[in-house]
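A quick write-up on the structure given underneath.
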Amino acid sequence: MTERSVRVLTLNSGSSSLKAAVYDIGQVETRVLSMTAIRIGLLGSRVRFAGADGGVLLDGEQSLPNHARALQLLLGWLEQERPSLRLDVVGHRVVHGGGRHWDPELVTPDLLASLEVFVPVDPDHMPHALDGIRAVGSAYPGVRQVACFDTGFHRELLPVARRYAVPDDLGGKGIMRYGFHGLSYEYVMQALQQLEGDAAHGRVVVAHLGNGASMAAISDGRSLDTTMGFSPTGGLMMGTRCGDLDPSVPLYLIRQLGMSPDAVGALINHQSGLLGVSGRSEDMGDLLAQEASDHRAAAAVALFCYQAKKALGACAATLGGVDVLVFTGGIGEHAPPVRERIAAGLEFLGIELDLERNWRNEPVISTGESRVLVRVIQTNEELMVARHASRLAAGG
């Protein structure tokens with residue numbers, strides 16, 4: 001670690017995953033090690049540790065019945081294998097900050113108490129993030145912790161985009177559109193600024209397409225509108241989440257089909273999306289490989305691309321046109337057929353893909369004549385968290 005750098009442990013809890021990394025943040029940003037746990041609570045759960053050079057330190061199946069076990073494994077490995085590793089600060093991705101918490105904050109008991117309110121709103125992410133904060137507090141009682149909110153990037157949504165068409169007093173109770181994936185959008189926009197300069201201040205649509213998927217309309221670096229709303233369930237179709245759904249559907253399931261609210265919650269968050277439509281997998285790579293022989297896999301892929309194309313059109317309408325389109329997230333970065341199908345027929349918006357560049361996963365996949373620059377940028381939420389945490393640790 002250089003003399004003026006800050007060493008940061010970052011934690012990013014998904015609904016069935018945990019990503020962690022240790023960074024030295026200074027004049028140079030260096031990832032010291034990384035850890036990924038996948039399929040937590042499912043069969044075939046797996047853990048992978050990698051060093052600064054990307055070399056694998058540990059990779060294999062592990063019994064991970066819950067996030068607590070995955071975090072225990074991480075902290076235990078650090079204690080045993082890196083006993084001299086000194087941490088200056090720990091940064092956490094926290095999905096929901098509500099209407100009170102936008103900027104990254106040092107963790108305090110009052111902050112934790114205020115965030116508990118959002119556990120019922122996002123039971124798939126918030127409990128894991130808060131438990132992670134508490135576990136780190138026990139393991140490293142003298143180390144400061146920073147909460148970084150996925151909602152923060154969308155703090156300046158257009159007022160008309162923020163509201164739902166419900167009685168005004170419900171807005172005062174927090175029923176509004178917040179938007180998510182903000183740390184990913186923030187990282188991508190910083191990367192776009194470095195790559196394209198002034199183009200990042202134009203009309204930009206970022207498509208974060210992964211197991212969780214959303215899209216944002218960004219003007220001069222400000223998020224004007226985004227597809228997710230009150231919770232990360234809304235908006236685009238995702239790996240296991242249904243996205244936008246007629247509000248009467250859950251009511252019908254409860255009243256007419258006798259489902260419990262918890263069962264409906266499981267249905268719309270864990271049994272829908274690509275998994276629900278295909279009946280076989282939430283993994284886009286698997287579905288693309290099977291679509292030629294499986295009509296349900298083909299239907300899932302088609303619906304995902306159709307909804308994303310519609311959302312892109314809506315973002316263009318909000319912005320009054322598009323100057324830059326960025327694909328990011330696991331699907332956005334690695335699925336050329338999906339990018340091609342989303343962009344197909346959008347020449348009237350100025351979007352023209354170079355199909356060979358697209359299939360080679362090049363950084364720029366638009367043609368030289370395209371009025372819209374189309375880029376693929378690998379997102380890095382953990383590094384964005386590390387940047388925020390190091391700044392606060394240094395007194396910024």
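No experiment lies behind these values; they were computed from the predicted model shown. FYI, side chains are in, hydrogens and waters are out, and symmetry mates aren't considered; it's all heavy atoms of this structure.
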### Over 12 foreign heavy atoms within 6.0 Å of CZ, R255
no
### Task
For R280 and L287, work out which heavy atoms get closest and say how close.
CG-CD2, 3.9 Å
### Query
Judged by atom type as modelled, is there a donor-acceptor pair below 3.5 Å linking the side chain of R203 to the main-chain atoms of G320?
yes
### Message
Could you check whether any side-chain N or O of R144 sits under 3.5 Å from a backbone N or O of D88, counting only pairs where one atom can act as donor and the other as acceptor?
### Response
no
### Message
Do M189 and V204 make a side-chain contact, defined as non-hydrogen atoms from C-beta onward lying under 4.5 Å apart?
### Response
yes
### Query
Hey, is the main chain of A161 close enough, under 3.5 Å, to the side chain of R177 for a donor-acceptor pair?
yes
### Query
Is a side-chain N or O of S272 found less than 3.5 angstrom from the main chain of L267, in a donor-acceptor match?
yes
#### Entry: Any Y23 side-chain heavy atom under 4.5 Å of T30 side chain
no
### Query
Are the aromatic rings of Y178 and H96 close, with centres under 6.0 Å apart?
yes
### Query
Looking only at heavy atoms, which two atoms of N211 and T240 are closest? And how far apart?
OD1-N, 4.2 Å
#### Entry: Least distance between heavy atoms, E352 atom then S370 atom
N-OG, 3.2 Å
### Query
Is it the case that E381 and H181 place a side-chain donor and acceptor less than 3.5 Å from each other?
no
### Query
Are R339 and N358 linked by a side-chain donor-acceptor pair shorter than 3.5 Å?
yes
### Query
Does the distance from a Lys or Arg side-chain N to an Asp or Glu carboxylate O, for E196 and R375, drop under 4.0 Å?
yes
### Query
Backbone N or O of R222 within a donor-acceptor pair of the D220 side chain at under 3.5 Å?
no
### Query
Should L158 and L312 be counted in the same cluster of Ile, Leu, Val, Met, Phe, Trp and Tyr side chains packed under 4.5 Å apart?
yes
### Query
Do we see a donor-acceptor contact under 3.5 Å between the side chains of Q290 and R296?
no
### Query
Are the charged groups of E291 and R341 less than 4.0 angstrom apart, N to O?
yes
### Query
Does a side-chain heavy-atom distance below 4.5 Å link V376 with E362?
no
### Task
Go through H208 and S184 one step at a time and tell me if the side chain to side chain donor-acceptor pair (under 3.5 Å) criterion holds.
CA-CA 8 Å; H208 176 111; S184 174; 2.8 Å; yes
### Query
Should D59 and R46 count as an ion pair when the cut-off is N to O under 4.0 Å?
yes
### Message
With a 3.5 Å distance limit and no angle check, can you tell me whether R162 reaches the backbone of R155 through a side-chain donor-acceptor pair?
### Response
yes
### F180 backbone acceptor or donor facing D150 side chain under 3.5 Å
no
### Task
Assess the pair Y185 and H154: is the distance between their ring centroids shorter than 6.0 Å?
yes
### Message
With a 6.0 Å cut-off (strictly less than), is the heavy-atom count around OH of Y164, excluding the residue itself, greater than 12?
### Response
yes
### Message
Quick check on the hydrophobic clustering: are V206 and V372 connected, directly or via other members, by side-chain heavy-atom contacts under 4.5 Å?
### Response
no
### Summary
For S390 and I25 the tightest heavy-atom approach is OG-CG2, 3.3 Å
### Task
Might you point out which heavy atoms bring E282 and L274 nearest each other, and give the distance in Å?
O-CD1, 3.5 Å
### Message
Assess, by modelled atom type and distance only, whether the side chains of T367 and D354 contain a donor and an acceptor separated by less than 3.5 Å.
### Response
no
### Task
Look at the side-chain heavy atoms of Ile, Leu, Val, Met, Phe, Trp and Tyr, link any pair under 4.5 Å apart, and say whether L11 and V146 land in one connected group.
no
### Query
Is atom CZ of R100 surrounded by more than 12 heavy atoms (other residues, nucleotides or ligands) closer than 6.0 Å?
no
#### Entry: W102/F149 aromatic ring centres below 6.0 Å
no
### Query
Does the Q307 side chain pair with the main chain of M237, one donor and one acceptor, at a distance under 3.5 Å?
yes
### Task
Might you point out which heavy atoms bring E186 and H388 nearest each other, and give the distance in Å?
OE1-NE2, 3.0 Å
For residues 120-143, tabulate all N or O donor-acceptor pairs below 3.5 Å that involve a side-chain atom, not counting sequence neighbours.
residue : atom : partner : partner atom : Å
D122    : OD1  : H125    : ND1          : 3.0
D122    : OD2  : H125    : ND1          : 3.0
D124    : OD1  : H270    : NE2          : 3.0
D124    : OD2  : H270    : NE2          : 3.4
H128    : ND1  : H67     : ND1          : 3.4
H128    : NE2  : H67     : ND1          : 3.4
H128    : NE2  : D124    : O            : 3.4
D131    : OD1  : R134    : NH1          : 3.4
R134    : NH2  : E116    : OE2          : 2.2
S138    : OG   : R134    : O            : 3.3

